[in-house]
Structure formats: C-alpha cells, structure tokens
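Everything below concerns the one structure shown next.
Source: prediction; values computed, not measured. A, B, ... follow the sequence lines: proteins, then strands. Residue 1 opens every chain.
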Number of protein chains: 2
Amino acid sequence: MPPRRQANRNSESVDNYLKAILSLGGVEHRRVTSTALAGHLGVAPASVTNMLQKLASAPTPMVEYERHRGVQLSADGKRRALEIVRHHRLIETFLYEVLDYPIEEVHEEAERLEHFISERFEERIAAKLGHPRIDPHGHSIPTMEGEMTEPNSVPLTEVLQGGTFVIDSVSDRDAHTLRELKASGIRPGAQLRVRKNTPAEGYSVSIGRSSRAVGLSREAAGDIRLVPSTK
Amino acid sequence: MPPRRQANRNSESVDNYLKAILSLGGVEHRRVTSTALAGHLGVAPASVTNMLQKLASAPTPMVEYERHRGVQLSADGKRRALEIVRHHRLIETFLYEVLDYPIEEVHEEAERLEHFISERFEERIAAKLGHPRIDPHGHSIPTMEGEMTEPNSVPLTEVLQGGTFVIDSVSDRDAHTLRELKASGIRPGAQLRVRKNTPAEGYSVSIGRSSRAVGLSREAAGDIRLVPSTK
DNA sequence: CCTAATAATTAGGTATACCTAAATCAAGGA
DNA sequence: TCCTTGATTTAGGTATACCTAATTATTAGG
C-alpha cells in the first residue's frame with residue numbers, strides 16, 4: 001500500500017523562492033540566476049538548483065528553468081508570488097493601522113504570517129482597511145486579481161542632480177535602518193532635498209524645510225525611492 | 001566543519017503534541033497514553049513514541065516520559081502548551097470580535113496562526129480586546145503568566161436529571177456541528193432546559209422560553225457544557 | 001499463574017529542505 | 001581556438017516528522 005499522500009499544503013519555503021524570483025526578476029520576468037537567489041535567500045547555491053528543479057517539474061510547474069540559464073516564474077508561479085506579496089503588504093498595513101505596531105516591526109511579523117493566512121483573512125483585513133493600494137513603506141499592494149502597478153520612482157542613489165523630491169517608498173528589510181530613517185523624518189510622502197549624492201562622497205539630504213543635513217549609508221540610500229516634487 | 005546549527009524555531013508539530021497532552025491530561029497532569037495521543041493527532045502510534053522520546057530527551061525536556069507508562073508535561077512543556085492555547089483563544093476572539101468572522105470559522109484559522117504569532121502580536125490583540133478571559137466558544141483564556149481557570153461546568157451528557165441550565169461553552173472543533181448549534185440558538189450564555197438525556201433515547205433540549213425541542217447527537221451533546229441556572 | 005489480546009516500541013523507509021565537496025559548464029581573454 | 005575562472009550542477013549526507021511491519025511489554029481472563 002502506498003503511503004497516503006498528504007494534502008498539498010503550500011510550503012513556506014516554496015513561497016519564499018517564488019517571492020525572491022519575483023523580487024529579483026521584476027514583473028518584466030527577467031531571468032534570475034541561482035547565485036543571485038542563493039544570496040537573496042541566504043542558502044547555498046546547490047540548494048537553489050535543487051529547489052528550482054523541483055519547482056520546474058512539479059505537476060503544476062511554478063517556474064521555467066533551463067540548466068545554466070536561470071529561471072523565470074511561470075504564470076502559476078507569478079500568481080502565487082503576487083498573492084504572497086499581497087498578503088505581506090496587507091498584513092503590514094494591518095499591523096500598522098489597526099494594531100499600532102511601530103513601522104520597523106511590521107516586516108518581520110508579516111514575513112512569517114504571510115504564508116499561513118486564509119483567503120477569508122486576506123479579504124477581511126483588506127475590507128477593514130478600505131482596500132488600501134499602498135503599504136506603510138510606500139510599496140504598492142497587488143490586487144486580488146494579481147495586478148501590481150510598478151513604481152515610476154527612482155532610487156536616491158540614481159538621482160543625478162540635486163533637487164526637491166517626494167519620498168515614494170522606503171525599504172522594509174532592516175528594522176535598524178528603518179528606525180533611524182524614522183528618527184530623521186524620512187518616510188513616504190515627506191519632502192526631501194538632495195544635497196550630495198555620490199558613492200565616493202556619500203549621500204546627504206535634508207527633509208522638508210529643515211536646513212539640517214542627514215547623512216545616509218549607501219544601503220539606506222539605495223532603498224529610498226523618490227519622485228520629482230511637482231510643487 | 002559542522003553544519004551550521006539553525007535557530008531554534010518552535011516547531012508547529014511539537015506545539016501540537018504539547019497541546020494534545022494538555023488537552024487529554026487536563027491541568028491535573030493525568031498521564032496520557034501514546035494511543036490516545038495518536039488518535040487525537042491523527043498520526044500512527046509509532047510516530048508518537050518517536051516524538052515523545054525526542055521531547056523527553058531534548059536539552060530542555062518538554063515532557064516526562066517512561067516507556068509503556070505514558071507521558072506528562074514538564075513545567076516547560078506546560079508553559080508552552082498554555083501559551084499556545086492562549087494564542088489560539090485570543091486569535092479566535094480577535095477574528096470574531098474585530099474581523100467579524102462567523103463563529104464556525106474561527107477555529108481553523110486560529111489553529112494555523114497560533115504557532116506563528118509573536119509576543120507583540122499576542123499583547124496587541126489582547127489589549128485591543130480588553131484582555132478577555134473567555135473566548136467566543138465560552139472557553140477560558142490562559143493568562144500571560146500561564147494561569148487557566150478550570151470550568152466547573154459539566155457536559156450535557158452527564159446531566160442526570162432534567163432542569164434549567166446556562167450554557168457555559170460549546171465545542172470549537174467541528175464547523176458543521178457549530179453551524180447547526182448556532183442555528184438552534186445554542187451558544188454560550190443562552191438558557192437551556194434539558195428534556196431528555198440518555199444515550200439510548202437521545203438528547204433533547206429547548207432553548208430560552210421556546211417550547212420547541214432540539215435533538216442533538218451524542219457528539220454534539222458531549223461538547224456542550226452547562227452550569228445550573230441560578231434563576 | 002499463565003497466556004491471549006492489546007498497547008507500545010523498535011527497525012527500517014519516505015519526502016522535504018537544507019548542507020559540503022566534487023564535478024562540469026560557459027564565456028571571455030590570450 | 002583554447003583555457004582559465006567563476007557559475008552551476010551533481011553526488012552524497014543531515015535532521016525532521018511522518019509511515020508500515022515486526023517485535024516486545026503489559027494486563028486481564030481463565
């Protein structure tokens with residue numbers, strides 16, 4: 001007698017691979033390398049190869065994979081990845097708006113819960129929040145149908161001449177950095193003037209009408225995205 | 001070089017064993033047999049033996065286990081089990097009160113999420129709910145310190161003479177049964193008169209002032225707990 | 001007190017998702 | 001074109017948490 005097959009429960013690990021491929025490949029489906037994935041996920045490259053082979057040869061393949069040529073999400077994989085991103089950003093918004101979390105703590109909690117909430121939970125928190133389209137970091141929340149608008153903002157590190165901008169989004173990754181950004185008033189919607197921005201001399205900005213300069217590390221600066229101020 | 005040890009993440013599976021031991025052994029720490037656990041958890045008895053050995057010989061043992069003599073929770077195991085029960089019942093209350101879930105759907109969602117929420121999440125939903133002591137099914141919610149008051153109610157099946165009672169709690173297990181109970185008005189706090197209660201002739205009650213009888217299966221009846229009406 | 005039935009454990013296997021070390025492939029520079 | 005280098009894959013192993021089948025304990029009936 002064959003061992004009884006267990007219910008096809010979505011795996012947290014698989015979810016994380018799909019999210020990583022979406023994040024590295026963008027919605028334009030650029031091919032993503034094993035090494036890039038390994039770095040992003042914090043696992044060995046060999047583990048990535050293994051997983052990609054499984055994902056590609058599953059009954060409903062989640063990726064298109066060719067040896068030595070990287071991966072892309074399949075339609076099914078993209079759907080699942082966007083669902084997880086939607087979960088993540090809705091949960092972050094919910095923690096921030098309804099449960100009064102400090103912004104730097106929402107990411108870690110969402111990162112765990114995003115894999116386990118039901119359709120009903122997703123729908124209920126979305127309704128409670130009035131179907132938000134942007135999360136507390138300024139990131140766009142995919143719709144239930146899996147549509148996500150790409151930002152037309154640019155990273156602070158790629159702004160070539162100084163000027164006045166509005167902050168579109170900040171990174172959610174590192175709680176420590178986020179605490180510092182918060183302390184400097186750097187948050188989505190705030191107005192920001194770029195003073196200096198070269199890898200060599202560093203990144204320096206000021207916020208709102210303040211004349212005080214805020215220095216930023218390369219990493220922090222790269223995760224701040226700006227749109228030109230229309231004012 | 002030894003493989004790098006991974007962070008000691010609580011295992012969902014271990015949580016479920018501890019909860020099951022608490023549930024079957026009660027807070028009086030009755031010894032629980034492998035077979036009982038296997039039945040409750042839906043796994044093979046051999047799997048239970050295996051897990052119990054691991055739990056008993058872990059760096060911080062979660063159970064006291066002797067071959068062929070059943071298990072009891074250790075102090076650490078009891079603490080963790082009560083924490084999970086607290087999570088479960090707080091989440092149920094939250095889904096019911098804040099997210100307007102139908103009562104028969106809260107259990108399944110809580111069953112998944114209870115393993116993954118942080119201390120902060122626990123604390124925030126407890127605060128939002130005003131530190132509730134009873135969940136929507138009428139079950140007592142353990143405190144943050146791991147105190148849980150035992151019910152002084154009795155199962156409907158053990159009520160020997162008819163009379164008027166107040167419903168203390170109903171089961172959370174089976175959504176289908178719960179939907180039927182809800183349709184009959186059987187919910188915690190409701191007044192109930194026992195009309196007939198014998199395994200042979202079946203269980204029959206009426207609710208509030210209604211003269212209409214409601215028939216109950218043995219299983220449904222066993223999960224309804226009553227206290228004598230003081231009125 | 002012995003033994004049959006039942007409960008529990010041991011032995012040996014599966015699948016998942018990692019790992020390291022050893023091969024192999026691909027792509028650019030000489 | 002060839003070869004070196006870095007990227008990638010293959011091979012072989014670990015830990016978790018299940019499983020079945022075979023074995024061993026316990027306990028209750030005769």
Side-chain angles (χ1 to χ4, degrees), chain A residues 1-21 24-25 30-72 80 112 115-116, chain B residues 1-21 24-25 30-72 80 112 115-116:
Chain A
M1 221 166 290
R4 75 170 162 244
R5 187 180 304 266
Q6 49 199 41
N8 191 10
R9 222 250 223 141
N10 290 320
S11 145
E12 192 180 342
S13 186
V14 167
D15 284 351
N16 287 332
Y17 276 86
L18 299 178
K19 264 206 313 180
I21 297 168
L24 294 171
R30 288 184 300 273
R31 281 180 169 281
V32 176
T33 67
S34 306
T35 315
L37 278 171
H40 195 265
L41 292 166
V43 302
S47 306
V48 173
T49 300
N50 243 275
M51 180 61 96
L52 294 183
Q53 290 171 341
K54 269 179 233 162
L55 292 178
S57 64
T60 60
M62 298 308 247
V63 300
E64 278 146 40
Y65 167 69
E66 276 178 282
R67 280 158 77 248
H68 297 278
R69 327 200 69 252
V71 264
Q72 292 172 273
R80 178 65 183 165
R112 259 177 294 115
H115 310 289
F116 307 109
Chain B
M1 221 166 291
R4 77 168 160 245
R5 189 180 302 267
Q6 48 200 41
N8 191 11
R9 220 248 223 148
N10 289 319
S11 145
E12 191 179 343
S13 187
V14 167
D15 284 352
N16 287 332
Y17 277 86
L18 298 179
K19 263 206 314 180
I21 297 167
L24 294 171
R30 285 185 300 274
R31 282 180 166 282
V32 176
T33 66
S34 305
T35 315
L37 278 171
H40 195 267
L41 292 166
V43 302
S47 306
V48 173
T49 299
N50 244 275
M51 180 62 95
L52 294 183
Q53 291 172 341
K54 269 180 235 165
L55 291 179
S57 64
T60 61
M62 298 308 246
V63 300
E64 278 146 40
Y65 166 70
E66 277 178 282
R67 280 158 80 248
H68 297 280
R69 328 200 71 252
V71 264
Q72 291 172 273
R80 178 64 183 163
R112 259 176 294 113
H115 310 288
F116 306 110

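The side chain of B:Ser34 lies closest to C:dT9, out of C:dT9, C:dT10, C:dA17. Candidate nucleotides D:dA17, C:dA17, D:dT9 were compared by shortest atom distance to the side chain of B:Ser13, and D:dA17 ranks first. Closest to the side chain of B:Tyr17, from the set D:dT10, D:dC18, C:dT10, is D:dC18. Considering only the side chain of B:Met51, D:dC18 comes nearest among C:dT10, C:dA17, D:dC18.
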Kindly give the atom pairs (protein nitrogen or oxygen, nucleotide nitrogen or oxygen) under 3.5 Å for nucleotides 24-29 of chain D.
residue: D:dA25; atom: O4'; partner: B:His68; partner atom: NE2; Å: 3.3

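Considering only residues two or more places apart in sequence or on other chains, A:Ala38 meets the side chain to side chain contact (heavy atoms under 4.5 Å, CB included) condition with A:Pro45, A:Val48. In this structure B:Ala20 satisfies the side chain to side chain contact (heavy atoms under 4.5 Å, CB included) test together with B:Leu37, B:His40, B:Leu41, sequence neighbours excluded. Evaluation of the side chain to side chain donor-acceptor pair (under 3.5 Å) rule for B:Arg31 yields B:Glu66 as partners, not counting sequence neighbours.
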Side-chain donor-acceptor contacts of residues 50-59 of chain A below 3.5 Å, not counting sequence neighbours, with atom names and distances?
residue: A:Ser57; atom: OG; partner: A:Gln53; partner atom: O; Å: 2.9

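Pairing each heavy atom of A:Leu24 with each of A:Arg30, the nearest pair is O-NH2, 3.5 Å.
Remark: DNA chain C takes part in the stems C:1-30 with D:1-30, each of 3 or more antiparallel Watson-Crick or G-U pairs, criterion distances under 3.5 Å.
Using a 4.0 Å heavy-atom criterion, one finds that B:Thr49 contacts the bases of the nucleic acid, with or without backbone contacts as well.
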